[in-house]
Each structure stands twice: as structure tokens, then as C-alpha cells.
Peer 1: 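So that we are looking at the same thing, I have put the structure below in C-alpha cells.
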Amino acid sequence: MSTEGPSVPAGPPVDGEQPPRHRGRAWSWWLAGSALVGLIAAVILAFIIEIPYYEFRPGSARPIAPLVQVEDTESFPPDSNIAYTTVSLQQSTIASYITAQFDDDVEVVGEQVVLGDRSPTENRQYNLQLMDTSKQDAIRIALQTLGYDVPIAVDGNVVVQVQEGSAADGVLEVGDTIVAIDGEPIEFNEDVSRIMDPKSPGETVTLEVEAPERTGTEEVDITLQPPDEDAVEQGADPERGFIGVSLQPREPDYQYPFPVDIDSGNVGGPSAGLAFSLAVIDVLTPQELTGGLDVAVTGTIRPDGTVGPVGGVAQKTAVVVDEGYDVFIVPRDEAGQIRAHAGDRVDVVPVETLDEALDALSSLGGSGFETAAAPG
């Protein structure tokens with residue numbers, strides 16, 4: 001009976017016999033194994049090593065009504081969906097960058113385009129702040145559309161831009177806060193417009209200004225100028241005096257008639273504003289705003305109710321089509337791009353204002369907002 005056991009030395013070879021030669025074969029196997037290990041390591045690293053690019057990929061379409069939280073008033077959760085669309089943003093790896101070149105639904109951009117001067121963490125916080133502001137504005141506009149008064153209490157207005165060559169150039173700096181004009185405190189967001197509307201070019205106003213460090217205020221005098229040609233072309237009144245700054249409220253407090261909030265989770269950015277306004281109106285009206293259709297929406301919402309453009313239209317369109325929505329309401333300026341991606345797979349409805357979006361839903365069989373749960 002033959003058995004296999006451990007090898008034992010067999011003594012020196014008999015004259016004329018050649019010992020077995022294994023060295024070359026061993027080296028071949030070692031080289032092949034090393035190459036395979038190196039290849040596996042390279043593939044793993046290709047999926048791990050990040051490069052200075054970001055990818056916009058299709059995200060999701062999220063129904064909003066379940067996210068709207070309303071207290072101390074009657075609400076009417078709808079049966080059909082108004083959804084906001086998202087884009088997935090991720091930093092490229094070598095592998096994802098290569099595969100993205102062959103996917104029409106993925107857009108690759110340089111790191112600088114996404115981050116600017118911010119770190120990834122700062123960029124994340126920035127986008128979450130944009131989302132919070134967008135939600136508050138969207139809720140406010142929805143409530144105003146339903147007939148409610150929603151003042152915004154503020155602690156002054158922060159300078160976010162100083163126009164070059166304007167009356168404020170060299171006098172105010174980004175980060176300064178205007179807390180009073182001609183002795184009138186800025187307590188509500190509309191106060192600046194109310195005070196400045198009657199002012200003419202050539203008049204001098206006294207601003208009470210607080211530096212970012214909040215170490216105290218100082219008074220500065222500014223002689224107002226007329227708007228420049230570009231501003232006039234965009235509708236600015238040439239007879240009104242301008243300081244030459246862009247402002248945003250400091251520590252805004254939206255004074256809703258009852259508690260309203262939208263749980264947006266960890267989603268950032270402002271592009272869901274229009275969707276949020278429509279969803280709040282839908283929840284606060286007893287009929288179906290969409291007429292039973294599943295409606296996806298994208299577009300920013302400005303304080304005057306106008307709809308602004310968004311990014312990632314190809315990715316959002318892919319989501320809407322894949323998830324089978326009936327209608328996609330979009331900013332008018334981007335409707336052509338969205339139709340090119342959607343084809344005839346979804347009804348694309350372009351709008352410029354919240355009112356146009358409401359009219360479009362009404363024409364599709366929705367209830368409109370005349371039956372709103374408004375005061376009185």
C-alpha cells in the first residue's frame with residue numbers, strides 16, 4: 001500500500017542522474033503571484049483613492065407631505081405625492097471617474113467648482129444653511145399665498161456684497177450689520193425697503209453699523225447714488241437712491257401664525273423651495289392640489305414667489321423618469337434641457353412663479369388653492 005508522507009532526503013544522486021530543477025518554476029510562480037497581488041491592490045486603490053473631482057449622480061424623489069409638520073391648525077394630508085428631487089454628490093475616485101465618462105446621467109466637475117474656497121465640511125454646512133433658509137422662505141410664501149401675514153423679525157441686516165464704485169464702496173464691508181437707518185431700528189426684514197423707498201439720489205442717510213465682532217456700533221453717513229444701468233435694465237427705479245449693497249437678515253425669526261416645519265433630514269441646497277411651498281399649500285388645503293397625480297418639482301423660490309434655476313437637471317430628470325412620476329414642474333429657463341433628457345417619458349411643465357405652478361396643477365385637475373384653510 002502506498003501512502004504519501006513527508007519527503008525525506010534521498011541521499012546524493014547516482015552518477016549520471018540529474019537532480020530535479022525547481023528554481024525557475026518557483027521564480028515564475030512568485031512573479032505571477034506578485035503581479036496578481038499588485039493588480040488586486042491597484043484595483044482596490046482605484047476604488048479608494050480620491051481625486052480632485054466631484055460627481056453629480058441621480059439621487060431620489062422624496063414625497064414631502066409626510067415631512068410637513070403642522071401644529072395648532074387643521075391639516076389635510078394628501079393621498080397623492082408632491083416630491084422634491086435630489087442629486088447625489090460624491091468626490092471621485094479613480095474608478096468612479098472612469099466609469100462616469102460612459103454614463104450620461106453623471107456629470108463630473110472640478111473640485112474648485114463645488115468647493116470654491118470652502119473645505120468639504122464647510123461646504124456641507126453652507127448647503128445645509130441654504131436648505132434651512134430655503135425652507136423658511138418656502139413656508140412663508142406658502143402661508144402668504146393662503147392669506148396669512150408672516151413678518152420676519154431680524155436683528156439688523158448683514159452686508160453680503162458691496163458693489164464696486166457704489167456709495168457704500170470704501171465705507172461698508174462684507175460682514176457689517178446695518179442695525180438702524182436715520183435712527184430707525186431694523187427690526188423686521190421689510191424695514192430697509194420701507195425706509196429707503198422714499199429716498200432719492202443725492203440724499204444722505206445715517207447708518208448705524210455693527211462690525212462682525214459685535215464690539216459696538218458706529219454711525220456712518222452715506223450719500224445715495226442712482227442705480228447703475230444694469231440695475232435699471234433689471235427694473236430698478238432710477239429715481240430712487242441706492243446705498244449699493246446686498247443684504248440678508250441677521251438671525252431671522254419667521255413669525256408664523258402657527259408652528260410649521262419640514263423635516264428635510266441631511267439634504268442640503270436651495271433647489272427644493274418651490275416643491276416645499278406647493279406641499280405646504282397642499283397639506284393646508286382640504287382638496288387634492290395635484291388632482292391625484294404624482295408630481296415631482298424642482299426650482300428655488302425667491303421671497304417674491306419667483307422660481308429660480310437649479311443644478312443637476314440631468315440627474316434629477318433621470319430620477320423622475322425612473323420612479324415613474326406623472327408630471328415634472330421645473331424652472332422655465334431649464335425646461336429645454338430637462339425635456340431633452342426626459343423625452344416623452346414625463347410631462348414637463350415649465351413655470352416662472354409659484355402662481356404659475358398652482359395654475360398648472362389646477363389645469364391638470366388639481367384643486368387650486370381657493371379652498372385654503374386661510375384666516376377668516
Side-chain angles (χ1 to χ4, degrees), residues 132-163 166-169 171-212 214 216-228 230-258 260 270 273 277 300-308 353-355 374-376:
D132 185 65
T133 301
S134 174
K135 283 196 299 184
Q136 301 302 326
D137 285 339
I139 294 170
R140 183 187 190 222
I141 294 164
L143 293 175
Q144 288 176 323
T145 301
L146 294 174
Y148 293 100
D149 181 32
V150 188
I152 304 177
V154 299
D155 183 23
N157 272 259
V158 180
V159 176
V160 295
Q161 182 180 13
V162 179
Q163 183 180 345
S166 69
D169 192 10
V171 181
L172 298 177
E173 296 182 356
V174 172
D176 287 342
T177 299
I178 300 173
V179 297
I181 302 176
D182 286 343
E184 292 194 55
I186 306 303
E187 297 177 328
F188 291 91
N189 201 43
E190 294 81 4
D191 286 344
V192 172
S193 296
R194 176 182 59 79
I195 296 169
M196 293 300 302
D197 279 348
K199 307 291 185 182
S200 302
E203 289 188 45
T204 298
V205 296
T206 300
L207 307 180
E208 187 175 344
V209 179
E210 186 174 60
R214 299 197 183 195
T217 62
E218 64 174 332
E219 290 187 349
V220 297
D221 292 333
I222 290 185
T223 300
L224 305 179
Q225 295 180 356
D228 60 25
D230 290 341
V232 172
E233 289 178 0
Q234 295 175 13
D237 182 358
E239 301 300 320
R240 182 185 173 213
F242 283 80
I243 298 173
V245 294
S246 297
L247 303 172
Q248 69 179 23
R250 183 170 71 174
E251 300 175 5
D253 178 16
Y254 292 71
Q255 300 188 344
Y256 301 139
F258 43 81
V260 188
S277 288
T300 63
I301 194 78
R302 301 189 180 104
D304 62 356
T306 57
V307 175
T353 66
L354 173 61
D355 287 344

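Throughout, residue positions are numbered sequentially from 1 according to the sequence presented.
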Peer 1: Is there a side-chain contact between Leu224 and Pro201 in this structure, where contact means two heavy atoms from C-beta onward sitting under 4.5 Å apart?
Peer 2: no

Peer 1: Kindly list each side-chain donor-acceptor pair under 3.5 angstrom involving residues 136-143, sequence neighbours excluded, with atom names and distances?
Peer 2:
| unit_1 | atom_1 | unit_2 | atom_2 | d |
| --- | --- | --- | --- | --- |
| Gln136 | OE1 | Tyr256 | OH | 2.5 |
| Asp137 | OD1 | Tyr254 | OH | 2.8 |
| Arg140 | NE | Val150 | O | 2.8 |
| Arg140 | NH2 | Val150 | O | 3.2 |
| Arg140 | NH2 | Glu190 | OE2 | 2.4 |

Peer 1: Looking at Ala236 and Phe242, what are the two nearest heavy atoms and their distance?
Peer 2: CB-CZ, 4.1 Å

Peer 1: Suppose the criterion is salt bridge (charged side-chain N to carboxylate O under 4.0 Å, His left out): which pairs have a residue in residues 242-258, not counting sequence neighbours?
Peer 2: Asp155-Arg250, Glu210-Arg250, Arg214-Glu251

Peer 1: Any idea which heavy atoms bring Ser134 and Ile301 closest together, and the distance?
Peer 2: O-CG2, 4.5 Å

Peer 1: Could you please spell out the steps behind the side chain to side chain contact (heavy atoms under 4.5 Å, CB included) verdict for Leu207 and Ile243?
Peer 2: CA-CA 10 Å; Leu207 307 180; Ile243 298 173; 4.1 Å; yes

Peer 1: How close do Arg240 and Pro227 get, heavy atom to heavy atom, and via which atoms?
Peer 2: O-CD, 3.5 Å

Peer 1: Please examine the side chains of Val245 and Asp176, heavy atoms only from C-beta on, and report whether any two atoms are closer than 4.5 Å.
Peer 2: no

Peer 1: Nearest 0.5 angstrom please: Ser166 OG to Ile222 CD1, how far?
Peer 2: 8.0 Å

Peer 1: side-chain hydrogen bond (donor to acceptor under 3.5 Å, both in side chains) with Glu184: which residues, sequence neighbours excluded?
Peer 2: Arg194

Peer 1: Checking the side chain of Asp182 only, and the main-chain atoms of Thr206 only, is there a donor and an acceptor separated by less than 3.5 Å?
Peer 2: yes

Peer 1: CD of Glu203 to CE of Met196: how many Å apart, nearest 0.5 Å?
Peer 2: 8.5 Å

Peer 1: Verify the distance criterion only: is there a donor paired with an acceptor across the side chains of Asp304 and Thr306 at less than 3.5 Å?
Peer 2: yes

